[in-house]
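Below: one structure, written as structure tokens.
Starting from 1, each residue takes its place in the sequence as its number. Computed from a predicted model, the values in this text were never measured in an experiment.
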Amino acid sequence: MATSFPWHPLLSSRSQRLNYAHINPIPRRCMGHVRASRRSDFDSFAERMASGEAWRDAWRCANDGFEQFIYETKKTAERFDRRYSVSRQLSAAAQSAAYRAKELDREFEITQRWRNFSLDFSRNWPRYRKQFNDFLETPLGMSFATLFFLWFALSGWLFRFLIFGTWLLPFAGPILIGTVAKNLVIKGACPACKTQFVGLKNQIVRCTSCGNIVWQPQGDFFSGGRRGSPPSSKSDPKIIDIEFEEK
């Protein structure tokens with residue numbers, strides 16, 4: 001009795017490698033080709049720089065990046081605020097601080113004392129300035145001013161002040177100009193004809209309509225003419241003092 005089996009020929013190792021490769025193909029990565037810069041690239045870049053297109057592209061990219069940064073920062077702040085309630089806590093802290101400041105002000109009368117000090121200082125400022133100028137005219141005052149200037153210049157504070165003033169001048173310039181203009185210029189309406197007038201405080205101002213004297217400096221013109229010695233006929237022969245007696 002004989003038994004028959006199907007015959008399977010043995011595959012060689014080469015054919016097995018080919019079959020395995022056919023069954024499980026290995027994908028190849030796409031390798032980029034490295035190319036050196038050519039002269040045309042430099043020429044195109046120079047043309048873009050000359051025409052300003054490169055600068056516009058750089059500015060556009062920078063502007064887009066800055067807008068993206070602002071947007072992301074805003075969204076992050078909103079998420080942080082919703083999570084930790086920062087705005088509500090800050091509002092409560094500000095209200096508490098304002099209430100505490102009002103209590104301290106009522107208790108120690110800080111606002112009233114500051115108002116009295118400012119009024120007293122502004123009222124006595126011409127006298128303080130005159131005393132200081134008289135002190136500087138003495139030998140001791142001139143020596144003190146010279147030593148102070150030398151120390152201020154050699155210690156470096158002069159250059160620091162100049163650097164700080166350079167940064168602060170664009171913001172404080174308009175305020176200083178307005179303050180100086182208010183101290184040097186007087187304006188108002190003529191009491192006779194109601195015509196508006198503008199003039200310097202250190203000179204006599206006449207109305208352009210009726211010719212009357214609407215402003216005359218008295219003593220220190222920086223004080224607004226409210227202080228100083230009254231005008232007399234000896235200082236100006238054109239002004240005559242007249243007194244009326246009612247009977």
Q. When Y99 is tested against each of K102, Q95, E103 for side-chain hydrogen bond (donor to acceptor under 3.5 Å, both in side chains), which residue passes?
A. E103
Could you state the interatomic distance from [atom1] ([X]) to [atom2] ([Y]), rounded to the nearest 0.5 Å?
X    : Y    : atom1 : atom2 : value
R129 : W125 : CZ    : CH2   : 6.5 Å
F121 : W114 : CZ    : CH2   : 9.5 Å
N202 : W215 : CG    : CH2   : 10.5 Å
T73  : F66  : OG1   : CZ    : 8.5 Å
S122 : Y128 : OG    : OH    : 10.0 Å
F171 : L176 : CZ    : CG    : 13.5 Å

Distance-only, no hydrogens or angles: does the [X] side chain make a donor-acceptor pair with backbone N or O of [Y] under 3.5 Å?
X    : Y    : value
T138 : G141 : yes
S96  : A92  : no
D81  : S87  : yes

Q: Please examine the side chains of I204 and I213, heavy atoms only from C-beta on, and report whether any two atoms are closer than 4.5 Å.
A: yes
Q.
Ring-plane angle category for F132 and F135, please: parallel below 30°, perpendicular beyond 60°, tilted otherwise.
A. tilted
Of the non-hydrogen atoms in [X] and [Y], which two are nearest, and what is the gap between them?
X    : Y    : answer
R123 : P126 : O-CD, 3.8 Å
D105 : I110 : OD1-N, 3.1 Å
E137 : M142 : O-CE, 4.0 Å

What donor-acceptor contacts under 3.5 angstrom involve side-chain atoms of residues 186-198, with partners at least two apart or in another chain?
none

Q | Test item: side-chain donor near acceptor, D120 and N124, under 3.5 Å | A | yes
Q.
Under the criterion salt bridge (Lys or Arg N to Asp or Glu O under 4.0 Å), I'd like the reasoning laid out for D134 against K130: C-alpha separation, chi angles, the key distance, then a yes or no.
A. CA-CA 6 Å; D134 294 341; K130 184 177 183 303; 3.3 Å; yes
Q) Rest of the hydrophobic cluster containing L90 (Ile/Leu/Val/Met/Phe/Trp/Tyr, side-chain heavy atoms under 4.5 Å)? A) F80, Y84, V86
Below 3.5 Å, can you tabulate the donor-acceptor pairs from side chains in residues 152-170 to any protein atom, sequence neighbours excluded?
from	atom 1	to	atom 2	distance (Å)
S155	OG	W151	O	2.6
T166	OG1	L162	O	2.7

